Structure formats: C-alpha cells, structure tokens
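Read through the structure below, which is laid out as structure tokens, and then see the notes.
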Amino acid sequence: MPECFTIASVMNINSIIVTADQMRQIEGRIFEAGMPVPALMEKVAGLITRRFVELYPLFRYPKVGVLIGPGHNGGDALVMARELHLRGHIITGFCPFDKKKELTDCHFKYVQSLGVPISREIESLYDCDVLIDGIFGFGLTRELRGEIATTFERINQWGKPVLSIDLPSGIHTDTGEVLGVAIRASQTLCLGLWKAACFQDSALGHLGEVELVEFGIPLGDIEAVLPHPVLIQRMTREVFVESLPLPRPVVTHKYKQGHLLLICGSKRFAGAALLSGLGARASGVGMLSIAIPSSLKPILVSALPEALILDCPETETGAIAELPNIPLEDYSAIACGPGLSVEAENAVQGVLAAQSPLILDADGLNILAVSHTLAMLSQRTSPTILTPHLGEFKRLFPDIAPQNALTATQQGAEQSGTIVLLKGARTCIAAPHGSQWVISESTPALARGGSGDVLTGLMGGLIAQTTTLERPLEQRVAGAAWWHAQAGILAAQERTELGVDAFTLSQYLGRVLSH
Ligand SMILES: NC(=O)C1=CN([C@@H]2O[C@H](COP(=O)(O)OP(=O)(O)OC[C@H]3O[C@@H](n4cnc5c(N)ncnc54)[C@H](OP(=O)(O)O)[C@@H]3O)[C@@H](O)[C@H]2O)[C@@H](O)CC1
Ligand SMILES: Nc1ncnc2c1ncn2[C@@H]1O[C@H](COP(=O)(O)OP(=O)(O)O)[C@@H](O)[C@H]1O
Ligand SMILES: [K+]
C-alpha cells in the first residue's frame, strides 16, 4: 500500500483541490444534513462582500456593475448587490436571463424592490468603476455562444477591474479551459475549496489575483467525498518545510548528507551543466559529483570547486560518449539530462540500470522518447522522476491529451510508472498511485532558458538527502518545484520580471529558506 495522505493528516483546507462534481457532492451533503441553502448563500456572499469592500473601497469605486447569472453564482452576486447598495455604493445590475433558479429569483426581486436598476443591456454598466462577475460559477457546463459570448467580449474590451465570484464566468471548473469566451477577471474569489481550474495554465490569463474564501466546510464532508488516496494538493510553505532535510543531525559527515550524481552538459550546452550544478549546490547536498564531457572540466571546476568532476569520453561533437566505469549504487540520487544533447544516448541508457532514485530531464527525456524506452522505466527497482515541459511531455506521451495538466500528469505517471512533473506557468506533479501536487504560485520571470536546469539540480540535491520526517518522494519533488518558483518570485520582486536570469535564480534559492 503506497503511503498516502488522509484529509485529517492534511488538515489544511487551503491545500485541497476539488472538481466541480466533488464540490457539488460536498455541498449536497451540507444541505442534506440540514443547512438551509439560503443561509449558506447569505454566509458566503457576506464573506465575499467583506472582501470586496477591502479591495474596492466606496470612495474610490462608488459605481459597481453586477453581472447576474441564472444559478446560485447569480444569487451570490445579488446578495452582494443588496449589501453594497445598503452600504452606499451605486449599483447597476445586468441580467439577460429570463429563467433563474428559485432562490436567485427571490433575491432578484428583492434587489429590484430596493430600487436597484437591473438591465438587459450591458452598455448600462459602461460607466461603472468595477464589475462583479456572478454569471456562472462551477455550474457552467456548455460552450458559450451568441449574445452572451458577445457580451463577455464587450466586457473584456472595457478593461475595467472585475471581481469574479468563484471563477471567471466561461472557465471550465476542472480543466480551466475557456468555454468559447470567458470573463477576464482582475480578482477571483474562489469559494470554499480550491477548484482545479485555478491552477491550470489555460485559465491563468483570466483569473487575475486568486484567493480562497473559506466558509467553514466540515472536514467530515470533504473526507466523505474525496477519494482515497487520490488527493490533489497545493504545495504550501508549511508542507515544503516538512520535506526539507532539516535539522541536520549534529553528528554527521558529508557522505551521510546525500551524494548526488549529475550527468549533464555537452560542448554546445555547457551552461546547462553549470546551472544544474548551482541548483544542486543550493540544496545543501553533502557531496556533488558531476559527469560531463571531459573538455568542460576546466569551466566546471572553476565555477563549482566543491564538486567532484567525472570527465567522460566525448563524441566528435562534444557530447558524453559513455559514462566512465563508476559504481552507480554509490549515489543516493542521480539527475541526468540538462544540456546532454541527443547524442548522449549511451549515458542515458547506462544510467537506467542504477539502483538509486533517478531524475530524467531535458535531453534525458528526448532520448527516452526517440529510443522508445519509456516502458522500461516501470521495471526500475528505484523511483524515476520525469520533469518535462509541455513539448517534452508531448514527445514522451503522444497518446495523452495535454490540455488538462492535472489529468495529463496523472495519466503519464500511470502509463510510465514514474513520478511526472509537468513544467509550466503552474507546475503539476503526479505519482503513479494517484497522489498529486500543484505549484500554485510562480512568475513568468522564470520563462527563460536555463531555469529548468536549476530545478533539476536542486531537486536532485534534495532527493539525495534523507529527511527527518520521511515523506513520499512526490512531496519532495513538489517541494523542490515550490522552492524554485518562490526563488523566482522573490528575485522578480527585487529585480522585476526581466531581472531573473537562471544564474540569478540559483542565487535566490538560499534566500527563500531564510525569508
Ligand atoms: N448553493 C449555495 O448556497 C452555494 C453556492 N455557491 C455558489 O453557487 C455557484 C454554483 O451555483 P449553480 O450550481 O447554480 O451554478 P452556476 O455556476 O450559478 O450556473 C448554473 C446555471 O447556469 C446555467 N448554464 C450553464 N451553462 C450555461 C450556458 N452555456 N448558457 C447559459 N446558461 C448556462 C445553468 O442552466 P442549465 O444548465 O440548468 O440550463 C444553471 O442555471 C457557485 O459557483 C457559487 O458561486 C457557493 O457560494 C457555495 C454556496
Ligand atoms: N510563464 C511561466 N510562469 C511560471 N513559471 C514558468 C513559466 N514559464 C516557465 N516557467 C518555469 O521555468 C522553468 C523552465 O524550464 P525548462 O522549460 O525546462 O527550461 P530550460 O530547459 O531552458 O532550463 C520551469 O520550471 C517552468 O515551470
Ligand atoms: K463567476
């Protein structure tokens, strides 16, 4: 039985992610147990109204446009409209739907009775300072076309601040896909539990700033609905800290603090070896060995004097021709791939037999894809971790639809029997037995050549070290990705998004721990 999390062991609602169907089931249990639907709507809408007035104070945003849908997302919006009206905001509603859910219709009539105008013409909201998007939440199932699609396009053209309730209308709750057209929010208040869309690259351009507004969902209801051990979690600082090899034992020595073997670099991509070495250095690993083509030795020695350099025979174009005869079992982890070039096939095939955890990245993955050796990975006696970006993922798993990163990584992990980390604006990690993680915060500053090489070294160094609290390997993989993203965020805060080259990124890794 693989080690897994129970909800109780996670104990942090902020790290749980659900699909629309799971959310519906959880709500269903709450209502069945006796909580009145109108009471929950009042509670939730009260919480988001409170957050709205913090974000958009009356003196700066007096005129508020409220977009009202036919379901309970529209109901939430109407309760907000009522409360904001009573607090002195000037409200204009927009609702093009004749048919509404009963509770939504009650609120609609009451809000109208207060003298709040509700129009069918979107242009009536043109002079509003901010919009509240309550058209669709997790109940949206169909593509948007026709008049509503044109309306969304018009709203997006205005470029006004928009606060979306639960999700930007038009975004698919599970896949994050835009269902034809979607509202481009500046702020999304996700209700109760994180929806999967909040972490999908396809939705990111529409979500704006995202936060979770908790409204007190009993853990028992979550536990009853979410399958075990399948659980998608957000990596958080608290969980990350658990996966660090800290505190170090007082009495120890370098070989007890992990020995990482990096296999990387070629004449053409020498920098990749340096960058992964710098990532490994930041991990605190006890010993670092780097196998590189022999002509790169002088550069590596001067940049990483602490590393043991294993110089390998080279091909004519300066790639590793083969690994020297080294006892692979001596290493507590191996990371192979950055900058290798596709000529280093012997090195990659050679390392598959190693009995230590193995990370394959970059050309390590490309070689796997062309040599069709993916199937061999499930026969390895130690865990394998694949860290593709989307292009590498498609080459490795041509049969898997990559649109939904959460599903795609899960399928990739099952198919290959490996831990798969799919890099992107939001990175996803899946293990073969169903456990999944997402890195929910990052920065486009990382979209630069070499930042993935830093991650490979960092992850290798972390995995090579044993931790005080033994956690599943995928948690440590996700911990490395979280650390990497946070270093990017910190560096971008200080140097702007243009100032985070891969070398600089490696220098910010240490600062994440002390921040
Ligand atoms: N219950 C509570 O108290 C709580 C509720 N909460 C709130 O409720 C929200 C979920 O409410 P919901 O289930 O009513 O779904 P919602 O997203 O409003 O939309 C469904 C409506 O849209 C319609 N529709 C769908 N597709 C369409 C299309 N293409 N074009 C046109 N219409 C389309 C669909 O019609 P139908 O498909 O039935 O024809 C249905 O009428 C959730 O996101 C959160 O804000 C939370 O605060 C927690 C407490
Ligand atoms: N738009 C983005 N937002 C956040 N992170 C990003 C973005 N684009 C790329 N990244 C991150 O940057 C890294 C790039 O890795 P990779 O594509 O392997 O680069 P390289 O091979 O050049 O080192 C990954 O960790 C990825 O998640
Ligand atoms: K919405």
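For ligands, and for the atoms within them, numbers begin at 1 and follow the listed sequence. Please read all numbers here as calculations on a predicted model, not as lab measurements.
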Take atom 36 (P) of ligand 1 and look for protein heavy atoms under 4.0 Å from it; say yes if you find one, no if not. yes
Going by the 4.0 angstrom heavy-atom rule, the piece of Asp453 near ligand 2 is both
Is the K ion (ligand 3) less than 3.4 Å from an N/O/S atom of Asn73, whether that atom is in the backbone or a side chain? yes
So, regarding Thr427 and ligand 2 (criterion: nitrogen or oxygen to nitrogen or oxygen, under 3.5 Å), is there a contact or not? yes
If you count the atoms of ligand 2 from 1 in the order shown, which ones are under 4.0 Å from a heavy atom of Ser442? 4 (C), 5 (N)
Per-atom contacts, ligand 1 versus Gly137 - under 4.0 Å to a heavy atom: 16 (P), 17 (O), 43 (O)
Considering heavy atoms of the protein only, find what lies nearest to atom 17 (O) of ligand 2 and give residue, atom and distance to 0.1 Å. His389 CD2, 3.3 Å
If only side-chain N and O atoms count, and only distance matters, is there a donor-acceptor pair under 3.5 Å linking Thr175 with Asn404? no
Consider only side-chain N and O atoms of Ser440 and Arg234, and report whether a donor and an acceptor are under 3.5 Å apart. yes
Residue pairs meeting salt bridge (Lys or Arg N to Asp or Glu O under 4.0 Å), one or both in residues 178-196, sequence neighbours left out, come to Asp166-Lys195
Around atom CD of Glu32, are there more than 12 heavy atoms from other residues, nucleotides or ligands closer than 6.0 Å? no
Scan side-chain atoms only and decide if Asn366 and Asp363 contain a donor-acceptor pair under the 3.5 Å cut-off. yes
Mark yes when over 12 heavy atoms from residues, nucleotides or ligands other than Glu102 sit less than 6.0 Å from its CD; otherwise mark no. no
Please check if a non-hydrogen protein atom sits closer than 4.0 Å to atom 43 (O) of ligand 1. yes
What's the shortest distance from atom 7 (C) of ligand 1 to any protein heavy atom, and which residue and atom give it? Asp76 OD2, 3.1 Å
Report, in ascending order of atom number, the atoms of ligand 2 lying under 4.0 Å from any heavy atom of Ser451. 12 (O), 13 (C), 14 (C), 23 (O)
Numbered atoms of ligand 2 (with element) below 4.0 Å of Pro444, judged on heavy atoms: 1 (N), 2 (C), 3 (N)
Per-atom contacts of ligand 1 with Pro70, taking only distances under 4.0 Å to non-hydrogen atoms: 21 (C), 22 (O), 23 (C), 41 (O)
Strictly by modelled atom types, are Glu209 and Ser186 linked by a side-chain donor-acceptor pair under 3.5 Å? no
Examine Phe136 and say whether one of its N/O/S atoms is closer to the K ion (ligand 3) than 3.4 Å. yes
For Gly450, the ligand 2 atoms whose distance to one of its heavy atoms is below 4.0 Å: 20 (P), 22 (O), 23 (O)
Under-4.0 Å salt bridge between Glu223 and Arg29: no
With a heavy-atom distance limit of 4.0 Å, tell me whether Ile148 approaches ligand 1 through its side chain, its backbone, both, or neither. neither
Any heavy atom of His484 under 4.0 Å from ligand 2? The part involved is side chain
Side chains of Glu441 and Gln486 only: does a donor on one sit below 3.5 Å from an acceptor on the other? yes
NZ/NE/NH1/NH2 to OD/OE distance under 4.0 Å, Lys101 and Asp105: no
Report, as yes or no, whether the 6.0 Å neighbourhood of atom OH on Tyr110 holds more than 12 heavy atoms from other residues, nucleotides or ligands. no
Nearest heavy-atom neighbours spanning Tyr56 and Tyr61: CA-CD1, 3.4 Å
To which protein heavy atom is atom 13 (O) of ligand 1 closest, and what is the distance rounded to 0.1 Å? Lys101 NZ, 3.4 Å
Side chain or backbone, does Gly449 bring an N or O within less than 3.5 Å of an N or O on ligand 2? no
With a cut-off of 3.4 Å, does Gly69 put an N/O/S atom close enough to the K ion (ligand 3)? no
Any heavy atom of Gly424 closer to ligand 2 than 4.0 angstrom? yes
What about Lys423: any of its N or O atoms under 3.5 Å from an N or O on ligand 2? yes
Students should be able to answer this: which protein heavy-atom is nearest to atom 11 (O) of ligand 1, and at what distance? His72 CB, 3.3 Å
Minimum-distance protein heavy atom relative to atom 26 (N) of ligand 1: Leu140 CD1, 3.2 Å
salt_bridge(Asp98, Arg120) N-O dist < 4.0 Å: yes
Would you mind listing which atoms of ligand 1 come within a distance below 4.0 Å of any non-hydrogen atom of Leu191? 44 (C), 45 (O), 46 (C), 47 (O)
Considering non-hydrogen atoms of the protein only, which is the closest contact for atom 23 (O) of ligand 2, and what is the distance? Gly452 N, 2.7 Å
Looking at ligand 1, does any of its N/O atoms fall within less than 3.5 Å of an N/O of Asp166? yes
Specify the protein heavy atom at minimum distance from atom 11 (C) of ligand 2: its residue, its atom name, and the distance to 0.1 Å. Leu446 CB, 3.7 Å
What's the shortest distance from atom 2 (C) of ligand 1 to any protein heavy atom, and which residue and atom give it? Phe31 CZ, 3.7 Å
Donor on one side chain, acceptor on other, Asp361 and Thr387, under 3.5 Å: yes
Starting from atom 38 (O) of ligand 1, which protein heavy atom do you reach first, and at what distance in Å? Arg142 NH1, 5.0 Å
Proximity to ligand 1 by part of Glu27, non-hydrogen separation under 4.0 Å: side chain
Does Phe138 reach ligand 1 with a nitrogen or oxygen that is under 3.5 Å from one of the ligand's nitrogen or oxygen atoms? yes
Starting from atom 33 (C) of ligand 1, find the nearest protein heavy-atom neighbour and note its residue, name and distance. Phe136 CE2, 3.3 Å
Please determine if Arg426 has a nitrogen or oxygen closer than 3.5 Å to a nitrogen or oxygen of ligand 2. no
With a 4.0 Å heavy-atom cut-off (strictly under), which part of Glu143 contacts ligand 1: side chain, backbone, both or neither? backbone
Rounded to the nearest 10 degrees, what's the angle OG of Ser169 makes with O of Leu167 at the K ion (ligand 3)? Could you check? 100°
For the K ion (ligand 3), the nearest N/O/S atom on Asp133 is atom O
Leu455 versus ligand 2: do any nitrogen or oxygen atoms come within less than 3.5 Å of each other? no
Under 4.0 Å, heavy-atom basis, I'd like to know which part of Asn73 is in contact with ligand 1: side chain, backbone, both or neither. both
Over 12 foreign heavy atoms within 6.0 Å of CD, Glu211: yes
Any atoms of ligand 1 less than 4.0 Å from a non-hydrogen atom of Thr141? List them with their elements. 26 (N)
How far is atom 15 (O) of ligand 1 from its nearest protein heavy atom, and which residue and atom name does that atom have? Gly139 CA, 3.4 Å
Using residues 267-278 as the side-chain source, report each donor-acceptor pair under 3.5 Å to any protein atom, sequence neighbours left out, with the distance given to one decimal.
residue : atom : partner : partner atom : Å
Ser276  : OG   : Ala272  : O            : 2.8
Ser276  : OG   : Ala273  : O            : 3.3

for atom 9 (C) of ligand 2, nearest protein heavy atom and its distance come out as Ala447 CA, 3.7 Å
Which is it for Thr443 and ligand 2 at heavy atoms under 4.0 Å: side chain, backbone, both or neither? backbone
How close do Cys95 and Lys100 get, heavy atom to heavy atom, and via which atoms? SG-CE, 3.7 Å
